[in-house]
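A quick write-up on the structure given underneath.
Both ligands and their constituent atoms are indexed starting at 1 by order of listing.
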Amino acid sequence: MISEYKKLMRKCIKLAEQGAGKVSPNPLVGCVIFDDDFNIISQGYHEQYGQNHAERNAILNAKHDLKGKNLIVNLEPCSHWGKTPPCADLIIEKGIKRIIVGMIDPNPKVSSKGIEKLKNAGIEVVSGILEEECKKLNKVFIKNQTEQKPYVTIKTATTLDGKIASHSYDSKWITDETSRNEVQKLRNFYDAILTSSQTVIKDNPSMTCRLKNGRNPVRIIIDTHLNTSENSKIYDNNSKIIIVTSDKTPKAKIKKFPSYIHFIKCSEINNYIDLNEMMSELYNNGIYSIMVEAGGRLNYSLVKNNLVDGLIQFIAPKIMADNNAINSFYGGHADKISDCYNLKVESTKFLKKDIMISGYFEK
Ligand code: AOF
Ligand code: ZN
């Protein structure tokens, strides 16, 4: 039975993935309705932000009476009135007898109340099927709902000895074209790219997505004292730009920048932007996921402030062996190995010459 449920849950996840890029900030949800012999009767997924939930679509797609049937869904059915009526009510009304759920909804408006409503109506509920996979699918939604902050991944490209540039800031190119093409795919996935004034000044990157049919991420630049030139490549008008600056930055300095650039002003702590405040502000401005493409100092500051969820590291089979080369994380202090930040590796991929490692910070 459990293995059949797992198979159907994998199908829910596949269906849910079709909503990627279209449902944010809502969760990716897929749903299948089946009989006791595991024949699929109907299916559906959450297709567009603000529209029907997956369960409602699966129910609407059914051609026959659903009384006594089973429904499987990767996220607990909702119990609240949002932009659409509660799915739990519709499930009860249709006489479905058993519900199989992947994970509890982290949205405090729902969280376990959906399951409770179904149970109170006499429906059997099986929960926690492929829970880890379901959580992975909705990692951005979980972070958003539980912390009201964006999901943050740091991307680095290093040598085997962890260097991102030589002492003269030469970094073109540590990793090869195949790796850099993977970065383009990532830029297409995240809502925004975050970088620092230092990177803009030293590398003058454009941080756009150059994939065919790709979409440009929002570009966020932390520039506490507005030191970057308004003529930097990153300030072209190809996608939304947000400059995060200090609440002490004079208006006259901001006025030099093109009017299509958005400014967010944050407090300063010892001459640096309060990164916690910045993340909350970005979330309130509709930024739900971020990939950081910056230098060691910002990378480390974000990690130190416990603001990072994931790391994607491209490693080139090169050794720099230069004492003054630039580290991918810089500014910390570790007496012992126990002072390290620990990650859980999710996947490793051999690219043409380089290796790509993806992992999560253990919290
Ligand atoms: C979705 N799609 O398939 C499911 C969701 O504002 P609303 O009415 O669209 O409600 C959004 C909430 O509903 C969402 O935060 C989550 O808690 C719950 N379930 N949402 O967008 C779905 N099943
Ligand atoms: Zn719902």
Side-chain angles (χ1 to χ4, degrees), residues 5 8-34 40-62 66 69-96 98-121 123 125-131 133-151 191 280 283-289:
Y5 287 163
L8 288 169
M9 190 61 84
R10 269 185 210 107
K11 190 165 177 61
C12 289
I13 293 173
K14 279 264 164 299
L15 283 165
E17 281 168 347
Q18 293 183 58
K22 288 172 249 167
V23 301
S24 171
N26 275 356
L28 295 165
V29 188
C31 176
V32 174
I33 302 174
F34 60 100
I40 294 177
I41 292 165
S42 178
Q43 61 189 46
Y45 68 98
H46 184 47
E47 297 174 18
Q48 198 71 48
Y49 174 76
Q51 292 179 10
N52 283 348
H53 291 182
E55 303 91 313
R56 187 166 298 272
N57 276 337
I59 289 170
L60 293 178
N61 287 340
L66 296 177
K69 301 293 187 269
N70 309 283
L71 180 148
I72 184 163
V73 59
N74 56 290
L75 184 76
E76 166 188 13
C78 68
S79 53
H80 73 301
W81 276 87
K83 281 179 278 308
T84 56
C87 293
D89 290 357
L90 184 65
I91 291 168
I92 295 166
E93 188 193 309
K94 293 290 172 184
I96 285 166
R98 185 183 293 122
I99 307 283
I100 298 96
V101 172
M103 63 173 281
I104 303 287
D105 190 340
N107 180 352
K109 281 192 211 143
V110 180
S111 199
S112 295
K113 295 186 201 90
I115 287 182
E116 217 169 280
K117 201 171 200 180
L118 295 166
K119 278 186 178 163
N120 287 341
I123 296 176
V125 180
V126 181
S127 49
I129 301 294
L130 290 188
E131 191 174 7
E133 284 88 336
C134 293
K135 285 186 170 169
K136 211 166 109 187
L137 174 76
N138 274 311
K139 60 188 183 190
V140 173
F141 178 70
I142 295 171
K143 171 82 185 247
N144 294 170
Q145 288 293 328
T146 52
E147 295 184 39
Q148 282 77 52
K149 285 208 174 80
Y151 183 92
D191 283 350
S280 302
Y283 181 76
N284 294 335
N285 278 275
I287 306 292
Y288 303 110
S289 62

Fill in the blank from the handout: Quick note on ligand 1: atoms under 4.0 Å from a heavy atom of Pro27 include exactly 1 (C), 5 (C), 14 (C), 20 (N), 21 (O)
Practice task
To the nearest 10 degrees, could you say what angle the Zn ion (ligand 2) makes with SG of Cys87 and SG of Cys78?
Solution key: 120°
Handout entry: 4.5 Å side-chain heavy-atom contact, Cys31 and Asn57
Key = no
Fill in the blank from the handout: Quick note on ligand 1: atoms under 4.0 Å from a heavy atom of His80 include exactly 10 (O), 12 (C), 13 (O)
Completion exercise
Residue, atom and distance of the protein heavy atom nearest atom 23 (N) of ligand 1 read Glu55 OE1, 3.2 Å
Completion exercise
For Gly82, the ligand 1 atoms with a heavy-atom partner under 4.0 Å come out as 8 (O)
Completion exercise
Closest heavy-atom approach to atom 10 (O) of ligand 1 among Gln145, His46, Lys83, His53 is made by His53
Exercise for the section: For ligand 1, indicate whether the residue Lys109 contacts it via side chain, backbone, both or neither (heavy-atom separation under 4.0 Å). Expected result: neither
Handout entry: Sidechain-backbone polar pair: Ser42 side chain, Ala58 backbone, donor-acceptor under 3.5 Å
Key = yes
Handout entry: Part of Thr84 with heavy atoms under 4.0 Å of ligand 1, whether side chain, backbone, both or neither
Key = both
Exercise for the section: Decide, yes or no, whether a salt bridge links Asp105 with Lys113 under the criterion of side-chain N to carboxylate O below 4.0 Å. Expected result: no
Completion exercise
Looking at His53, the N, O or S atom sitting nearest the Zn ion (ligand 2) is ND1
Problem - pair Leu75-Val110: side-chain heavy atoms closer than 4.5 Å - result: no
Problem - Structural part of Phe141 in contact with ligand 1, heavy atom criterion under 4.0 angstrom - result: side chain
Problem - Side-chain donor or acceptor of Glu76 paired with backbone N/O of Ser112 under 3.5 Å - result: yes
Exercise for the section: Please write down residue, atom name and distance for the protein heavy atom closest to atom 16 (C) of ligand 1. Expected result: Asp105 OD2, 3.1 Å
Handout entry: Side-chain (His46) to main-chain (Asn52) donor-acceptor, under 3.5 angstrom
Key = yes
Exercise for the section: Mark yes or no for whether Asn74, through its side chain, and Ile13, through its backbone, hold a donor-acceptor pair below 3.5 Å. Expected result: no
Exercise for the section: State whether the side chain of Ser127 and the backbone N or O of Val101 hold a donor-acceptor pair below 3.5 Å, judged by distance alone. Expected result: no
Handout entry: Other residues, nucleotides, ligands: >12 heavy atoms within 6.0 Å of Lys94 NZ
Key = no
Practice task
From the options Asn74, Asn107, Asn144, Val110, select the one whose nearest heavy atom is closest to atom 14 (C) of ligand 1.
Solution key: Asn107
Practice task
Note the single closest protein heavy atom to atom 3 (O) of ligand 1, along with its residue, its atom name and the distance in Å.
Solution key: Ala54 N, 2.8 Å
